[in-house]
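Okay, so here's the structure we're looking at.
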Amino acid sequence: MDTAQVIDVLLHGNQLKRTARTGWVQRGVADAENVAAHTFGAAYTAMVLWELIDEQLDLGRVLAMVTLHDLPEGLTTDIPKPAWRYLPEGAKQTAEAKAMDTILGGADFASRWLEWWSELGSNTSPEAKLAHDADKLDQYLQARIYEQQTGNRALREFWTTPYRFHFPEAQAIYDELRRRRGYN
């Protein structure tokens with residue numbers, strides 16, 4: 001074990017505690033959550049969804065993917081979705097892959113972590129789909145919380161186009177959030 005390498009990996013993960021979720025900031029949310037808070041919310045949501053679904057999924061893989069999903073943002077920052085249209089196609093994915101290589105460096109476990117991160121990116125396994133559902137559901141939950149706490153009308157855009165989840169259980173929770181907000 002190369003403890004210096006492990007410490008570097010840990011410090012990169014810790015950077016997420018200081019990396020703002022810029023989408024919230026752009027929409028005028030004061031004291032917006034950081035990426036680490038979102039990662040916890042997505043992991044917690046994944047655990048809840050895992051308990052609700054009928055499929056047998058590997059919870060460890062789901063949680064690994066959720067935990068790693070925004071790790072590159074410690075280096076790239078959180079590039080909000082509206083900004084993606086100004087980037088060359090594939091630029092965000094390329095930058096994040098390079099960031100993951102930098103973050104993991106020569107760590108003994110780098111290949112396993114990159115495998116989970118790549119699996120999430122391909123979104124073909126049921127575990128990756130559940131991780132994606134948890135990520136998006138946490139975002140919608142947070143938008144609803146910010147609306148209730150602050151009355152921020154800039155968050156309305158999150159609700160105008162219905163989102164389609166992979167798992168019906170995630171869809172049902174999202175649909176209930178929309179119903180509570182006044183959408184049918």
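Looking at every heavy atom in both residues, L177 comes nearest to R144 through CD2-CG, 4.2 Å. Closest non-hydrogen pair, T77 versus T19, comes out as CA-CG2, 4.2 Å. When all heavy atoms of Q5 and I103 are compared, the closest pair comes out as NE2-O, 4.1 Å. Across W117 and L68, no two heavy atoms sit closer than the pair CD1-O, 3.5 Å. Closest approach of V66 to A46, counting heavy atoms only: CG2-CB, 4.1 Å.
Using a 3.5 Å distance cut-off with no hydrogens or angles, the side chains of W159 and E147 do pair a donor with an acceptor.
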Donor-acceptor contacts under 3.5 Å from residues 163-170 side chains, at least two apart:
unit_1 : atom_1 : unit_2 : atom_2 : d
H166   : NE2    : N123   : ND2    : 3.3

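Distance check: F40 CZ to E33 CD gives 11.5 Å after rounding to the nearest 0.5 Å.
In terms of hydrophobic clustering, with Ile, Leu, Val, Met, Phe, Trp and Tyr side chains grouped at heavy-atom distances under 4.5 Å, M100 and I7 are assigned to different clusters.
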Next on the checklist: Does S125 form a side chain to side chain donor-acceptor pair (under 3.5 Å) with E119? I'd like the steps, not just the answer.
Outcome noted: CA-CA 7 Å; S125 70; E119 181 180 347; 2.6 Å; yes
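Judged by distance alone, with hydrogens and angles left aside, the side-chain atoms of W113 form no donor-acceptor pair with the main-chain N or O of A64 at under 3.5 Å. Looking at D78, its side chain does come within 3.5 Å of a backbone N or O of T22 through a donor-acceptor pair.
Ionic pairing of R112 and E115 is not present here: no N-O contact between side-chain nitrogen and carboxylate oxygen is shorter than 4.0 angstrom.
Close placement of the F158 and W24 rings is indicated, their centers lying within 6.0 Å of each other.
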